Structures are given as C-alpha cells and as structure tokens.
Participant: 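Before I ask anything, let me first share the structure, which is written out below as structure tokens.
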2 protein chains.
Amino acid sequence: MTNTGGAVPEVTRGRPASTTRQDVARVALDLFARQGYDETTVDEIAVAVGISRRTFFRYYESKPDVVWGEFDAELGRLRDRLAEAPDGEPMMDVLRRSVMATNRFGAGELDELRIRMVLIGSVPTLVAHSAVRYEEWCEVVAAFAASRLGGAPDDLGPQTVARAALGAAMAAFACWARHGSDDLVEDVDRAFRLLATGFAEKRPAT
Amino acid sequence: MTNTGGAVPEVTRGRPASTTRQDVARVALDLFARQGYDETTVDEIAVAVGISRRTFFRYYESKPDVVWGEFDAELGRLRDRLAEAPDGEPMMDVLRRSVMATNRFGAGELDELRIRMVLIGSVPTLVAHSAVRYEEWCEVVAAFAASRLGGAPDDLGPQTVARAALGAAMAAFACWARHGSDDLVEDVDRAFRLLATGFAEKRPAT
DNA sequence: GCAATTTAGTGCACTGGATGCCAAAATGAA
DNA sequence: TTCATTTTGGCATCCAGTGCACTAAATTGC
C-alpha cells in the first residue's frame with residue numbers, strides 16, 4: 001500500500017504480502033467483465049484471488065476502488081504538470097496539454113483502461129463513486145485556475161473552470177470508451193478546444 | 001408515489017397514505033441538519049416520521065434520494081424550456097437562460113434548498129449519489145446540444161457541452177450554498193457567461 | 001538457534017442500507 | 001357484509017464495510 005511503484009526494493013521485513021493490488025484488480029476486473037459488477041460480490045473476488053474477505057479490504061478501501069486503480073498517482077502527476085507550466089502559456093492551453101499528457105497510455109494498458117472506463121460510465125454504483133474521485137481532480141484544477149485567475153480556489157471563477165474542464169475530460173473519456181475512437185488523447189484535445197472556444201457556433205455575423 | 005404534485009384529488013380508494021414525501025423529507029432534513037447525514041439512520045428517520053423502516057423505502061428509493069427531493073420534476077421543466085427555445089437564439093444563451101429560469105425559487109424555499117445543497121456538496125455519500133442524478137441532467141442537455149450541433153447526443157460535441165454546462169451549474173450552486181452569495185440565479189448567470197466565453201484571459205494583444 | 005519485532009492475513013461479530021415476500025390494516029364500492 | 005384495492009408493517013435475507021483480537025510468516029539482534 002505504501003509502495004507506489006517505486007523501483008526501490010526497500011528492505012523487506014515482516015510477513016511478505018501474499019498478493020498485490022494489481023493482481024487483485026486483474027482478477028476482479030475479469031470477474032466484473034464476465035458476470036457484471038453488481039453481480040460480483042467481494043467474497044467472490046476474495047476467493048478468486050485466494051485471500052480472505054477481510055484482506056480484500058486491506059488492499060482496497062472499497063469495491064469501487066478496485067475499478068479506479070492507481071488514480072491517486074495520476075492525479076499527482078497532473079498536479080505536477082500544472083505547477084510546472086510556464087506562466088506565459090494561456091490557462092486553457094496548459095489545462096488541455098496537461099490532461100492530454102497525463103492520459104497517454106501504452107498500447108498494452110488500453111484494453112484494460114477501456115474496460116475500466118466502460119464500467120465507470122455505465123454501472124450506477126460506479127458512476128456514483130466516481131464523483132468522489134472527480135472531486136479530488138477538481139480540487140487540483142481549481143487550485144491551478146485560482147493561481148491564474150486570482151482569488152480562492154473556492155471562488156466561482158476557478159470552480160467553474162475546474163468543473164467545466166472535468167466535464168470536457170469526462171466527455172472525451174466516455175466517447176472514447178463507448179465508441180471505438182482510435183485515440184483517447186485526440187478526443188481530449190478536441191473536447192478541450194471546444195471548451196476553450198466557448199462552443200462558439202458558426203454565426204453569420206457579429 | 002404516482003401523484004406528482006397534480007392538483008387532481010383522484011378518487012381515493014384503499015388505505016390512505018399515512019404521510020407524504022414532503023413530510024418525510026422535512027423530518028429527515030431536520031435530523032440531517034442537527035446530527036449529520038451519516039449519523040442519522042433510516043430507522044431514526046422512520047421513527048421520527050412515525051412509519052416503519054420498510055415504509056420509508058416506499059416513499060424514497062434510497063436515503064440519499066430524500067435530500068434530492070423533487071429533482072425529477074425540475075428536470076422535466078428544464079427539458080421543456082430547452083425544447084421551447086427559438087432556433088434563432090444561440091445555444092449557450094438558451095442554456096444559460098433555461099438553467100437560470102429553472103432555478104428561481106421563492107424566498108420560502110431558499111433556506112431548505114441551501115441545506116440540501118450544502119449536504120449534497122459536502123457529505124461524500126451524497127456527493128457520490130449526486131452523480132447519478134447529474135447523469136440524467138446531462139442527458140437532457142446533451143439531447144438539446146445535439147439538436148443544435150448536429151450528430152447524436154452521445155457524440156463528443158454534445159457530450160462536452162452537456163458536461164461542461166453541468167460543471168458551470170454545479171460551480172454556481174456550490175458557491176451559492178457555501179458562501180452566502182445573495183442570488184443563486186446571478187451566480188448561475190456568471191458561471192454560464194464564463195463558460196460561453198471560453199474563460200478567455202485578458203490578453204495584451206492577439 | 002531463539003526470542004523479539006514487524007508486517008500481513010484471518011475470523012468473527014456487528015452496523016446499516018436495501019430488497020423480496022407475505023400478512024395485516026384501512027378504506028370505497030357492491 | 002363482503003370484496004377489491006391500496007398502504008403499511010414485520011421478517012428474513014443479502015451485501016458492503018469496520019473494529020478487534022488473534023494467528024502466520026518473515027527479518028533482526030543476541
């Protein structure tokens with residue numbers, strides 16, 4: 001739980017873990033894909049992984065968390081990118097490019113990611129849980145927006161930017177997951193460009 | 001459960017209902033405000049209302065639903081307004097005005113509404129549940145956006161409009177509920193205007 | 001080799017939301 | 001009264017999540 005992907009072996013003390021978060025996720029995701037999320041109980045997952053029900057909850061705080069995987073790490077990377085962006089670059093450009101950058105995945109991860117996103121978008125329990133996760137995402141973006149617009153992250157301006165940006169990202173993800181859009185990053189690009197232009201309609205004259 | 005506010009008496013047959021949705025909501029909201037949402041069990045609510053736990057779930061499908069109240073009816077009104085809008089009016093203007101119009105509340109309702117919104121925005125269980133409700137909202141707006149932009153409601157364009165609009169509305173509501181902004185409608189107005197301009201920054205020259 | 005320590009896993013009891021089923025209560029109509 | 005209708009209530013059950021005490025397996029230091 002502490003080892004967040006660091007390559008450091010870190011002197012191993014105490015009883016070794018019998019499995020990994022990734023293993024639990026793989027097994028669970030497979031069950032979800034085959035028999036449905038709601039139709040899969042935590043007990044089943046635990047048995048399939050070869051651990052006890054109680055231990056499952058040591059690997060993941062909740063059942064929905066399994067589908068979200070290593071969201072926290074990605075969120076941290078987004079925060080870093082936003083912080084590193086040069087002040088000269090326009091806010092919406094920074095946002096667009098940063099979100100795109102944090103969502104470049106290798107070909108090997110895409111299939112699993114698609115399964116995750118389809119679940120997140122279609123199972124009510126997961127749709128619900130997603131809101132809590134997205135809230136964290138919004139906080140990161142709102143902090144950045146506040147640093148550009150001035151004011152507190154809780155103010156209307158930064159909040160609107162953050163939640164609208166979240167909307168664009170969600171739309172891109174949902175479209176990519178459902179239809180077989182080739183490129184997730186391209187969809188993100190398109191959504192954020194629409195957002196930055198205010199969805200301007202082709203008007204005859206202004 | 002069938003009577004959605006219709007003023008029609010409708011010949012009363014069978015055992016009369018012992019209370020109303022509104023009554024249940026009033027009592028529950030009062031408990032939530034005084035001792036917290038998570039600290040209030042459905043059993044407590046049921047006892048306070050004077051019905052059984054089982055009956056509570058006949059009035060509301062779930063505990064979070066109590067906080068949402070008559071959301072369905074409001075959603076229907078938004079749908080109607082969007083449909084009635086003249087084709088000449090720009091999409092984002094229609095959206096802004098329609099959302100503003102569906103959120104004009106009488107002074108008497110505002111206090112309760114604020115309690116509801118603060119709960120929805122701050123209690124994780126409710127934040128989660130809210131996503132399911134907002135999904136319905138998005139569907140309505142996406143259908144409207146698709147009618148303006150062309151394509152299917154599931155396409156990237158309409159989806160981005162819908163989810164970004166939701167973001168603006170959520171930001172306005174959150175700010176109004178937390179800080180003591182005087183006017184909810186005014187906040188909605190500001191958020192949607194920001195959205196429609198693409199959050200353009202004051203740039204020196206283009 | 002043997003405690004002591006550290007870390008992971010397990011079993012169990014319990015809470016709380018939610019659902020299905022069936023019987024009881026309360027009403028209007030025949 | 002009797003019947004159909006509708007709401008209510010009780011009960012059993014399922015499932016997610018949590019607290020607690022205890023066991024299992026490994027390393028460290030003696």
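If you're wondering where the values come from, they're calculated on a predicted model, not measured in any experiment. To find a chain, count down the sequence lines: A is the first, B the second, and so on, and within it residues start at 1. Below, all heavy atoms of this structure are taken into account, side chains as well, without hydrogens, waters or symmetry copies.
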Participant: Do you know which two heavy atoms are closest between B:Asp154 and A:His179, and how far apart they sit?
Facilitator: O-NE2, 3.5 Å
Participant: Are there over 12 heavy-atom neighbours, none belonging to A:Glu61, within less than 6.0 Å of that residue's CD?
Facilitator: no
Participant: Heavy atoms under 4.0 Å is the rule here; annotate nucleotides 22-30 of chain D 5' to 3' with B where the base is hit, S where only the sugar-phosphate is, and - elsewhere.
Facilitator: --BBBS---
Participant: Carefully, step by step, assess B:Val67 and B:His129 under the rule side chain to side chain contact (heavy atoms under 4.5 Å, CB included).
Facilitator: CA-CA 10 Å; B:Val67 183; B:His129 185 79; over 6 Å; no
Participant: Taking B:Thr102 for its side chain and B:Val99 for its backbone only, find out whether a donor-acceptor pair lies under 3.5 Å.
Facilitator: yes
Participant: Counting heavy atoms from C-beta on, name the nucleotide in C:dG9, C:dG17, D:dT18 closest to the side chain of B:Val42.
Facilitator: C:dG17
Participant: Can you see whether B:Phe56 has B:Lys63 sitting over its ring - NZ or CZ less than 6.0 Å from the centre and within 45° of the normal?
Facilitator: no
Participant: Between B:Arg53 (side chain only) and B:Val47 (backbone N and O only), is there a donor and an acceptor less than 3.5 Å apart?
Facilitator: no
Participant: Taking the cut-offs as 6.0 angstrom to the six-membered ring centre and 45 degrees off its axis, would you call B:Arg114 and B:Trp176 a cation-pi pair?
Facilitator: yes
Participant: In degrees, rounded to 10°, what is the bend between the two ends of the helix from C:dG1-D:dC30 to C:dA30-D:dT1, using five pairs at each?
Facilitator: 10°
Participant: Which parts of residues 120-128 of chain B get close to DNA chain C, meaning a heavy atom less than 4.0 angstrom away?
Facilitator: none
Participant: Could you state the CZ-P distance from A:Phe57 to D:dA16, rounded to the nearest angstrom?
Facilitator: 7 Å
Participant: For B:Tyr60 and C:dT19, give me the distance from atom OH to atom P, rounded to whole Å.
Facilitator: 16 Å
Participant: Specify the separation, in whole Å, of atom NZ of A:Lys63 and atom P of C:dG17.
Facilitator: 18 Å
Participant: How many Å lie between CD on A:Glu44 and C1' on D:dA16, as a whole number?
Facilitator: 14 Å
Participant: I'd like to know if A:Glu136 and A:Arg133 make a salt bridge, using a cut-off of under 4.0 Å between side-chain N and carboxylate O.
Facilitator: yes
Participant: May I ask you to verify if any side-chain N or O of B:Ser52 is less than 4.0 angstrom from the OP1 or OP2 atom of D:dG9?
Facilitator: yes
Participant: The side chain of B:Arg53 lies closest to which of these nucleotides: D:dA16, C:dA18, C:dG9?
Facilitator: C:dA18
Participant: So, are A:Glu112 and A:Arg26 salt-bridged, with charged N and O less than 4.0 Å apart?
Facilitator: no
Participant: For A:Glu89, enumerate each residue passing the side chain to side chain donor-acceptor pair (under 3.5 Å) test, keeping only those at least two apart in sequence or located in another chain.
Facilitator: A:Arg97
Participant: Give a yes/no on whether any side-chain N or O of B:Thr55 is located under 4.0 angstrom from OP1 or OP2 of D:dG9.
Facilitator: yes
Participant: State, without any angle test, whether B:Gln159 and B:Arg163 hold a side-chain donor-acceptor pair at a distance under 3.5 Å.
Facilitator: yes
Participant: Between P on C:dG20 and CD on B:Glu61, what's the gap in Å once rounded to a whole number?
Facilitator: 11 Å
Participant: If you check the B:Ala17 side chain, which of C:dA18, C:dG20, D:dT7 turns out closest?
Facilitator: D:dT7
Participant: Of all heavy-atom pairs between A:Leu78 and A:Trp137, which one has the smallest distance, and what is that distance?
Facilitator: CD2-NE1, 3.5 Å
Participant: Evaluate whether atom CZ of B:Arg190 has more than 12 neighbouring non-hydrogen atoms of other residues, nucleotides or ligands under 6.0 angstrom away.
Facilitator: no
Participant: Can you check the B:Arg54 CZ to C:dC21 C1' distance for me, whole Å?
Facilitator: 9 Å
Participant: Just jot down the side chain to side chain donor-acceptor pair (under 3.5 Å) partners of B:Thr40, sequence neighbours excluded, or say none.
Facilitator: B:Gln35
Participant: To the nearest Å, how far apart are A:Asp43 CG and C:dC12 P?
Facilitator: 13 Å
Participant: Write down the distance between NE2 (B:His129) and P (D:dA16), rounded to a whole number of angstrom.
Facilitator: 19 Å
Participant: Just N and O in the side chain of A:Tyr59: are any of them under 4.0 Å from OP1 or OP2 of C:dG9?
Facilitator: yes
Participant: Please list residues of residues 27-41 of chain B whose heavy atoms come under 4.0 Å from any atom in DNA chain C, ordered by number; otherwise none.
Facilitator: B:Thr40, B:Thr41
